[in-house]
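See structure below.
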2 protein chains.
Amino acid sequence: MDALTSAQLGALRRGMEPYVVFNEAEWIVFIQHISVHNFKKKQLFAEAGKVCNHVGFVLKGSVRYYHIKDGADITNYFSFENDYVSSYTSFLTGEPALNYIEALEPSQIIVITKKNMELMLNNPMLAYRMERFGRLIAEHYLICYEDRVSSFITQTPEERYLKLLETGREVLQRMPQHYIANFLGITPVSLSRIRKRILTEK
Amino acid sequence: MDALTSAQLGALRRGMEPYVVFNEAEWIVFIQHISVHNFKKKQLFAEAGKVCNHVGFVLKGSVRYYHIKDGADITNYFSFENDYVSSYTSFLTGEPALNYIEALEPSQIIVITKKNMELMLNNPMLAYRMERFGRLIAEHYLICYEDRVSSFITQTPEERYLKLLETGREVLQRMPQHYIANFLGITPVSLSRIRKRILTEK
DNA sequence: ACGTTTTCTTATCTTTTGTTAACGTTTTGG
DNA sequence: CCAAAACGTTAACAAAAGATAAGAAAACGT
């Protein structure tokens with residue numbers, strides 16, 4: 001856990017700006033309640049069975065959400081740079097998380113603990129801003145998930161794969177294909193066939 | 001648009017209680033900013049291409065979310081009694097909605113307009129509560145969508161159908177099957193086959 | 001550096017789904 | 001009340017996906 005650099009703080013502030021704008025005095029108090037952590041590849045950000053008591057903002061790197069079902073590791077979701085990251089339902093409800101979150105590559109993530117979030121919610125100087133910030137995070141996930149549900153209803157697995165590639169994240173080239181297959185809701189074998197189909201269609 | 005009965009107000013207050021608790025003075029001001037509307041079957045609550053300037057809470061009845069793609073009507077989602085209802089992304093962003101919302105049956109819905117929401121957000125007496133209320137609605141949709149994404153990844157269409165039936169909503173018996181098929185992400189023909197399979201397996 | 005594990009592809013076979021069309025039934029609107 | 005539209009099921013065929021297994025290549029840990 002290190003102090004944040006001004007570049008990191010700038011990224012966070014820009015990420016929040018569309019929704020929450022702090023004045024200077026508020027910002028100074030806010031940044032006293034956050035920290036930045038460096039995650040090694042495969043290091044866990046959150047763990048199934050444990051309450052997720054923190055929420056993050058990916059400055060650099062990427063993470064993978066997954067759960068274990070019948071002994072198999074199933075990838076649910078990814079967060080890339082400038083995304084929020086959390087087992088947010090667990091963070092909100094205080095129930096144990098259902099999924100793990102791990103770094104896909106060495107990552108820098110700004111972390112706000114629930115305790116610090118609550119301190120800010122109870123600090124009259126920040127309470128109103130923090131309610132708004134909480135709403136922002138929920139809305140961020142909301143819009144992502146809405147898109148995702150819609151993609152399952154209106155697109156084929158092949159279309160979903162091509163759409164994912166269009167984001168141009170190079171980490172997609174490096175991560176195991178079965179993570180992507182899970183994310184798309186298909187088997188790794190099926191993804192391999194889709195990839196071949198795309199190549200030969202070109 | 002009618003005044004709300006005390007039973008209706010009680011339902012709303014109970015729906016909000018897990019997250020937002022008003023004191024009596026706050027509640028009196030709050031209820032001056034809301035209204036209840038009766039929707040006929042097929043009457044629109046929100047319309048694609050228009051900004052959704054309101055958010056609702058279903059007291060009685062049910063609604064269907066759908067959009068038109070290549071001339072075809074595709075059902076995305078449902079809200080039943082004691083659910084929130086809105087093209088919430090449009091409500092939040094002020095962008096035109098991408099989907100329609102219509103009543104599946106005669107329905108009573110508590111409506112809060114964006115204007116009244118903003119009046120409350122700017123009223124120091126309610127601002128803090130309203131930030132929290134906004135968060136509540138976002139979180140409601142968040143948890144629903146999270147569940148839904150997870151169901152697409154880990155369940156077969158047949159399992160999703162059986163899970164939907166388990167909710168025991170009788171309106172599921174009465175609405176057209178192709179609404180349900182869309183919602184499950186399959187074709188009406190495929191749903192018909194699944195239904196037959198289930199019957200013969202018994 | 002080397003043996004193990006993971007990953008990706010390919011093949012085969014089965015199951016499921018999509019597509020289109022037909023047909024009888026039900027619902028709907030004028 | 002009647003004609004038109006919408007609906008649900010079924011059939012037939014094509015396309016896609018799941019399951020399983022096998023083999024080669026790459027990544028990993030020690």
Side-chain angles (χ1 to χ4, degrees), chain A residues 40-43 64 66 68-75 78 100 102-106 151-165 170-202, chain B residues 39-44 64 66 68-75 78 100 102-106 151-165 170-202:
Chain A
K40 294 175 198 162
K41 186 171 175 178
K42 300 208 175 185
Q43 190 179 339
R64 171 175 85 98
Y66 67 99
I68 307 291
K69 191 189 179 185
D70 305 328
D73 164 332
I74 309 286
T75 299
F78 306 110
Y100 299 82
E102 69 167 23
L104 278 165
E105 52 193 334
S151 79
F152 280 111
I153 289 187
T154 64
Q155 297 183 303
T156 63
E158 179 167 336
E159 286 168 333
R160 290 201 292 278
Y161 177 62
L162 290 170
K163 185 179 157 199
L164 181 64
L165 287 188
E170 9 57 73
V171 68
L172 292 171
Q173 313 287 329
R174 297 194 309 271
M175 75 172 77
Q177 298 291 335
H178 66 263
Y179 293 176
I180 298 175
N182 291 160
F183 176 80
L184 297 173
I186 59 180
T187 62
V189 176
S190 188
L191 176 58
S192 180
R193 285 189 287 233
I194 287 171
R195 283 157 58 82
K196 188 178 185 182
R197 209 183 300 153
I198 291 169
L199 282 177
T200 58
E201 275 168 9
K202 269 183 185 166
Chain B
F39 288 81
K40 294 175 198 162
K41 186 172 175 176
K42 297 208 177 188
Q43 191 179 338
L44 290 177
R64 172 175 84 98
Y66 67 99
I68 307 291
K69 191 188 179 186
D70 307 327
D73 164 333
I74 310 286
T75 299
F78 305 109
Y100 300 82
E102 69 167 24
L104 278 166
E105 53 192 333
S151 79
F152 279 112
I153 289 187
T154 62
Q155 297 184 302
T156 63
E158 179 167 333
E159 287 168 333
R160 290 201 292 279
Y161 176 62
L162 290 170
K163 185 178 155 198
L164 180 63
L165 287 187
E170 8 58 73
V171 68
L172 291 171
Q173 313 287 331
R174 296 194 308 270
M175 74 172 78
Q177 297 291 335
H178 66 265
Y179 292 175
I180 297 175
N182 291 160
F183 176 80
L184 298 174
I186 58 178
T187 61
V189 176
S190 188
L191 176 58
S192 181
R193 283 189 288 232
I194 287 170
R195 284 156 58 82
K196 188 177 184 184
R197 210 183 301 153
I198 291 170
L199 282 177
T200 56
E201 273 168 12
K202 270 182 185 168

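Numbered from 1 within each chain, the chains take letters A, B, ... in sequence-line order.
Side-chain N/O atoms of Lys41(A) include one lying less than 4.0 angstrom from OP1 or OP2 on dC28(D).
Side-chain contact, Thr75(A) with Arg64(A): a donor N or O sits under 3.5 Å from an acceptor N or O.
From the 5' end on, the contacts that DNA chain C makes with chain B at under 4.0 Å to a non-hydrogen atom open and close at dT17(C) to dT28(C).
Scanning all heavy atoms of the two residues, the minimum distance from Ile194(B) to Ile186(B) falls at CD1-CD1, 3.8 Å. Nearest approach of Arg197(A) to Thr200(A), heavy atoms of both residues: O-OG1, 3.1 Å. Pairing each heavy atom of Phe78(A) with each of Tyr179(A), the nearest pair is CZ-O, 4.0 Å. Contact record, Phe39(B) with Ala103(B): CB-CB, 4.0 Å, taken as the closest heavy-atom pair. Here the closest non-hydrogen pair linking Leu184(B) and Pro157(B) is CD1-O, 4.4 Å. Across all non-hydrogen atoms, the minimal contact from Asn182(B) to Asp73(B) is OD1-O, 3.4 Å.
In this structure, Lys69(B) contributes its side chain and Thr154(A) its backbone to a donor-acceptor pair below 3.5 Å. Put simply, the side chain of Gln173(B) never gets that close to the backbone of Glu170(B): no donor and acceptor are under 3.5 Å apart.
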Could you write out each protein N or O paired with an N or O of nucleotides 17-21 of chain D at a distance under 3.5 Å?
{"from": "dA17(D)", "atom 1": "OP2", "to": "Arg197(A)", "atom 2": "NH2", "distance (Å)": "3.0"}
{"from": "dG18(D)", "atom 1": "OP2", "to": "Thr187(A)", "atom 2": "N", "distance (Å)": "3.2"}
{"from": "dG18(D)", "atom 1": "OP2", "to": "Thr187(A)", "atom 2": "OG1", "distance (Å)": "3.1"}
{"from": "dG18(D)", "atom 1": "N7", "to": "Arg193(A)", "atom 2": "NH2", "distance (Å)": "2.8"}
{"from": "dG18(D)", "atom 1": "O6", "to": "Arg193(A)", "atom 2": "NH1", "distance (Å)": "3.4"}

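Between its two ends, the helix from dA1(C)-dT30(D) to dG30(C)-dC1(D) turns its axis by 70°, counting five pairs per end and rounding to 10 degrees.
Residues Val171(B) and Arg174(B) are in side-chain contact: their nearest non-hydrogen atoms beyond the backbone lie under 4.5 Å apart.
Rounded to whole angstrom, the span from the CD atom of Glu105(A) across to the C1' atom of dA27(D) amounts to 17 Å. Met175(B) has its CE atom 16 Å from the C1' atom of dA6(D), to the nearest Å.
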